[in-house]
Engineer: 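Take a look at the following structure, please.
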Amino acid sequence: MKQVQIKLFKGILLFIFIVVHACTPPKPIKGAVVSAREEASAIGVEIMKKGGSAFDAMIATDLALTVCYPNAGNIAGGGFLVYRTNQGVKGSLDFREKAPLAADANMYLDTEGNVIPKISTLGGLAVGVPGTVAGLYEIHQKFGTLAWEDLVQPAISLAKNGYVVTEKQYKSFEGKKEDFIAVNGIDTFYAQGFKAGDLVKNEALAVTLEHIAKKGKAGFYEGPVADALIQRVQATGGIITHEDLLTYKPVWRDPVYFKYKDLSIYTMAPPSSGGICLGQIMKMIEPYNVGQYEQNSMEAIQIIVEAERRSYADRSLYLGDPDFVNIPQDSLLDVSYLNERMESFSFENATKSPEINPGTIVWEESEETTHYSIVDPMGNAVAVTTTLNGSYGSKVFVEEGGYFLNNEMDDFSSKPGVPNMFGLIGGKANAIAPQKRMLSAMTPTIVERNGKLAMVVGTPGGSTIITSVLQTLLNVFEYDMDIQTAVTRPRFHHQWLPDVVIFEPNLFSQSLMDSLQGKGYDIKEQYSRIIGRVDAILISEDMSLSTGADPRGDDAAVHLY
Ligand code: GLY
């Protein structure tokens, strides 16, 4: 009898617990960091707990990613920040890498003018002059509220105490081990066979970060850290000098701005192609009211693919570093121009990419980059995408510094001005020149609705960055999805050339694939490529936050309540 009473009592307690839990509204999220690693997101939130702003949290998160996400997190790479202050001021910082002073347009060509395989991706000659530390320091000068050293310290502690290798990370280390050894020798730090669950302590990186903590920007671009970097670049065939490091400067730029229905969208301007392409695609889609078709339906996919096709064709000809080339940004975003571009679109048949001018290079861009989104309790927001370009960049590891160097030089067109298979000329806008910035696709983006902050979003993924950001925006604002669903939903990608549409495998129905093929679309589904890893924050009218961290990676949102 007693047993029965106890069971009943326990049952009642459980029932009360469930009812109370169901009736208690979730705690409102006051601030959030969504990044590629939970450690980095948590470090950003800790900074906010100490009273730091989204800008302070950005610096700490970014440096933490250098430690625990070495394939893309970086101090020897570059990136872009798009921000919106709680006063509604929008802006962006370009801390993209630059070509070294000794670079020239033909540096990757042999005597016969052919591209020499791999030298723009692997080894010292692939390395662009890094911009990350200068960028973070510049942001601190303008917006920092906590002391610089206190923002660097969490990354120092993480490097000293170690981070735990994830399953995905283990596979990534294994996949690149041969390259690490080929470039750096058998004893190189990241070839020692770290397994999932292992703790990686990077003492050398802790020392580098200590220099940066003490001396700020000069801790990286001057002194022993700079000496080690130059020595390593030159020992592996590179051409970066102390003068390159000393003359590097980030640039404040106006973000690209465009309207999509009732949204105001602020995103990255050149030298990223991201903002202009996102604007072109969304403006081309807008008249079709894509929300009237089901998400990922044939009609919706056709409209989106055809807009992407036309925009990516423009990208190849017009876009490059605005400090070196004239970019007709207003014309490219002009509504009548874009409507005209879509006049050749029909639901009946796919347009063929060679029919879309202008045409030139086939665009190969690395998928490894990293994005994080932050909103602080004061309402400041930052969208930041940074990169080493390839996974672990050039694979050149500065052993005494504990970090990888980028291979961003590969984002230039190595052989511009040469007719492609369709006889069309292009790519000059993105030709290599000393101190020029290479074209990017990174698309950190901030959305306003009714004059209020509505969304912070971005992703890695090379050429798929723009189309992944686009689909996440449409999922939320056309299809009313919550942010996590919007980030998780299957994605597809098209980029003009090659003339194929790629789909995440096994997530789209065979009948949809068949119908698209019937209309002349070349489909590639069984393709291992991940299409973006989106990290986003949605802000509702009452300023409550919700977060979406992409399950395609180890991405994690950490909240401040
Ligand atoms: N390296 C990738 C990008 O900048 O888009």
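Atoms within a ligand are numbered from 1 in the order they appear, just like the ligands themselves. If you're wondering where the values come from, they're calculated on a predicted model, not measured in any experiment.
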Engineer: How far does CD of E504 sit from NE2 of H493, to the nearest 0.5 angstrom?
Structural biologist: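 E504 atom CD to H493 atom NE2 measures 12.0 Å (nearest 0.5 Å).
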
Engineer: So, 4.0 Å and heavy atoms of E408: is ligand 1 close enough to count as a contact?
Structural biologist: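 Checking ligand 1 against E408, which is what was asked, there is a heavy-atom contact under 4.0 Å.
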
Engineer: Nearest 0.5 Å, please: how far is NZ in K395 from CG in N184?
Structural biologist: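 The CG atom of N184 sits 10.5 Å away from the NZ atom of K395.
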
Engineer: Ligand 1 and A441, any nitrogen or oxygen pair closer than 3.5 angstrom?
Structural biologist: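 For ligand 1, there is an N or O atom that lies under 3.5 Å from one belonging to A441.
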
Engineer: Which of parallel (below 30°), tilted (30 to 60°) and perpendicular (above 60°) describes Y190 and F173?
Structural biologist: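 Rings of Y190 and F173: tilted, as their planes differ by 30° to 60°.
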
Engineer: Which of the atoms in ligand 1, numbered in the order shown and given with their element, are less than 4.0 Å from a heavy-atom of N389?
Structural biologist: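 Those qualifying, in numeric order: 1 (N), 2 (C).
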
Engineer: Would you tabulate the side-chain donor-acceptor contacts of residues 71-80 under 3.5 Å, counting partners in other chains and residues two or more places apart, or write 'none'?
Structural biologist:
unit_1	atom_1	unit_2	atom_2	d
N71	ND2	E368	OE1	2.9
N74	OD1	G77	N	3.3
N74	OD1	T132	OG1	2.5
N74	ND2	A72	O	2.9
N74	ND2	T386	OG1	3.1
N74	ND2	T387	O	3.4

Engineer: Just verifying a value: how many Å separate N407 CG and I119 CD1, rounded to the nearest 0.5 Å?
Structural biologist: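 Atom-to-atom, N407:CG and I119:CD1 are 12.5 Å apart.
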
Engineer: Once you restrict to heavy atoms under 4.0 Å, what part of D411 touches ligand 1? Side chain, backbone, both or neither.
Structural biologist: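 It is the side chain that touches ligand 1; the backbone stays farther off.
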
Engineer: Within ligand 1, which atoms have a heavy atom of M442 less than 4.0 Å away?
Structural biologist: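 Numbered from 1, ligand 1 contributes 3 (C), 4 (O), 5 (O).
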
Engineer: Report, in ascending order of atom number, the atoms of ligand 1 lying under 4.0 Å from any heavy atom of T369.
Structural biologist: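 Listed by number with element: 2 (C).
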
Engineer: Given R491, which of T464, T472, L507 fulfils the side chain to side chain contact (heavy atoms under 4.5 Å, CB included) condition?
Structural biologist: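 Answer after filtering T464, T472, L507: T472.
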
Engineer: Indicate, as side chain, backbone, both or neither, the part of R96 found under 4.0 angstrom from ligand 1 when only non-hydrogen atoms are considered.
Structural biologist: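 For R96, only side-chain atoms sit under 4.0 Å from ligand 1.
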
